[in-house]
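The block underneath contains the structure these notes are about, expressed in structure tokens.
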Amino acid sequence: MVLEASPPSCDANRSRDVGGIVLGIESTAHTFSIGWVDGLGVPGKSISAFVRPVKGGIHPREAADHHAERAGGILAQLLDEEVDINQVKAIAFSQGPGLGPCLRIGASVARSLATKLDVPLVGVNHCVAHIEVGRERCGCDDPVLLYASGGNTQVIARLDGRYRVLGETLDIGIGNMLDKFAREQGIPFPGGPKIEQLANQWLEDNPEASLEGLELPYAVQGMDLAFSGILNAALNLVEKGKPLEAVCWSLQEHAFAACVEVAERAMAHAGKSELLLGGGVACNERLRGMCDTMSKDRYSTSHVPIKPLCVDNGSMIATLGRLQLLWGEPTQLNDSGVRQDLRTDETPILWN
Ligand code: ATP
Ligand code: FE2
């Protein structure tokens, strides 16, 4: 099943066929996923399994055990329902950043598959994959990127062959902040979607809702962001008896406004007229709406891929793997070790 998407951009990349399917294996944290793209980069469906801790955050070793248990079944299902194994031309995998034990499961599966099928192995940067799948699918060429996920919150622009981080969170990722707030309210991981639902409920019940009495700290520090203060203040509001729905709404308004403010400043400084959203938090309709409004005010455009391509998924890894294969070199086995602390700007971007 090939995923629907808006018209593609990046014509130079699209007119080049790698001559078969690229599989992509994602295993940086809570998700184990295998997806694919065809030779021209059109993504197929990813098959995924998620760790959902009942209590507390993700335990790296337990998540790795989960991934190891599910990997065989997911691969079998993908080959059964989606992909002809004889058409596979390369295996891409998330090389970093992420949790070491989780990354190592994906890397081992990728190495074994590439060796068995005798096809190239391509290690990719997970953060850059979130960017490239959006750029490939949304029809934008040189955007400022707002990458908002669980572990990362970065505002990025391309300069001199790298994605440069112009601003980022100084403490926790915005998605982690939402998940932590949710967990304290007994809402299981991932908390973001439930917070969105509760915030919508508040607005539906209170169409004239005001932020008075629901104020939270300012999260912008120059071009950077910080979410711990907002998290603690939101938890205090609930403790003081403010309705949970109201606090969820306020939390979204404050945290998203901060991200959009930094993104707008980046667009102004870098002279760019496209904004691209990526990462799991980019599934949020309110964040999408704020980005649209800000971009329209600047006579610019805002873009976001379909939701299955915003959250962690194997197809985005395959998307970047295909580009690296077209424009760079495959990864040799002795260079295929995982890199837990890989940064967005460490990966050379060789394509347009
Ligand atoms: P990364 O390694 O890139 O930081 P990640 O491991 O956090 O990625 P993603 O799938 O990119 O994984 O993002 C998951 C995050 O997205 C979770 O924090 C989740 O709460 C958040 N999220 C998902 N849907 C929504 C939504 N509708 N509104 C807000 N947040 C959301
Ligand atoms: Fe991610």
Side-chain angles (χ1 to χ4, degrees), residues 24-33 35 46 48-53 57-58 60 63 66-67 94-100 102-103 106 124-134 145-154 156 163 165 168-169 171-185 187-201 227 231 248-249 251-256 259 277-291 304-317 319-320 338-344 347:
I25 300 176
E26 160 58 25
S27 73
T28 50
H30 46 71
T31 302
F32 185 88
S33 177
S46 299
S48 309
F50 315 93
V51 184
R52 290 181 194 276
I58 293 170
H66 163 272
H67 296 349
S94 274
Q95 198 163 9
L99 305 171
C102 298
L103 285 167
V124 313
N125 181 324
H126 173 95
C127 304
V128 175
H130 272 295
I131 298 170
E132 285 303 339
V133 76
L145 302 129
L146 174 54
Y147 167 32
S149 66
N152 291 284
T153 309
Q154 296 181 334
I156 298 163
Y163 284 118
V165 179
E168 66 184 318
T169 180
D171 47 34
I172 52 177
I174 186 168
N176 269 344
M177 183 274 286
L178 295 171
D179 296 336
K180 282 184 179 170
F181 176 80
R183 195 192 312 145
E184 293 296 319
Q185 316 309 320
I187 299 167
F189 177 88
K194 183 70 185 174
I195 289 176
E196 179 173 22
Q197 195 189 321
L198 292 170
N200 288 343
Q201 188 64 52
F227 296 107
L231 171 63
C248 288
W249 174 61
L251 192 55
Q252 286 199 165
E253 294 301 305
H254 284 87
F256 296 165
C259 295
L277 270 155
V281 183
C283 290
N284 190 288
E285 296 293 342
R286 178 61 179 141
L287 179 59
R288 290 171 174 225
M290 282 188 184
C291 288
V304 59
I306 56 173
K307 290 182 186 180
L309 296 177
C310 288
V311 294
D312 287 353
N313 67 89
S315 297
M316 74 182 196
I317 304 303
T319 297
L320 179 53
V338 303
R339 299 189 52 197
Q340 293 185 60
D341 300 320
L342 186 62
R343 294 262 317 161
T344 302
T347 298

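Worth knowing before you read on, the calculation uses all heavy atoms, side chains too, and leaves out hydrogens, waters and symmetry mates. In this text, all values refer to a predicted model and were calculated from it rather than measured experimentally. We count ligands from 1, going down the list as the structure has it; atoms in each ligand are counted the same way.
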Query raised in the report: Counting only heavy atoms, which portion of H126 has something under 4.0 Å from ligand 1: side chain, backbone, both, or neither?
Result: side chain
Query raised in the report: Hey, is F189 touching ligand 1 through its side chain, its backbone, both or neither, going by heavy atoms under 4.0 Å?
Result: neither
Protein residue, atom and distance nearest to [atom], heavy-atom basis:
| atom | value |
| --- | --- |
| atom 7 (O) of ligand 1 | G150 N, 2.6 Å |
| atom 1 (P) of ligand 1 | S149 OG, 3.2 Å |
| atom 20 (O) of ligand 1 | D179 OD1, 2.7 Å |

Query raised in the report: Hey, which of N152, I156, L145 is the one that makes side chain to side chain contact (heavy atoms under 4.5 Å, CB included) with T344?
Result: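 By the side chain to side chain contact (heavy atoms under 4.5 Å, CB included) criterion, T344 pairs with just one of N152, I156, L145: I156.
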Report task. Run through the protein N/O/S atoms less than 2.8 Å from the Fe ion (ligand 2) and write them out by chain and number. Result ->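 Protein N/O/S atoms under 2.8 Å of the Fe ion (ligand 2): H126 NE2, H130 NE2, D312 OD1.
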Query raised in the report: Within the distance-only criterion (no hydrogens, no angle test), does the side chain of E196 pair as donor or acceptor with the backbone N or O of E285 below 3.5 angstrom?
Result: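 Indeed, once roles are kept as given, a pair shorter than 3.5 Å links the two residues.
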Query raised in the report: Nearest non-hydrogen atom to atom 25 (C) of ligand 1 belongs to which of G280, C310, A29?
Result: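 Shortest heavy-atom distance from atom 25 (C) of ligand 1: G280.
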Query - Closest to atom 10 (O) of ligand 1 (judged by heavy-atom distance), picking from N313, T31, D312, T153 - result: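 Checking each option, the heavy atom nearest atom 10 (O) of ligand 1 is found in D312.
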Report task. Work out whether the distance between some heavy atom of G98 and some atom of ligand 1 is less than 4.0 Å. Result ->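 Distance cut 4.0 Å: G98 fails for ligand 1.
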Query raised in the report: Hey, does G173 sit under 4.0 Å from ligand 1 if you only count heavy atoms?
Result: no
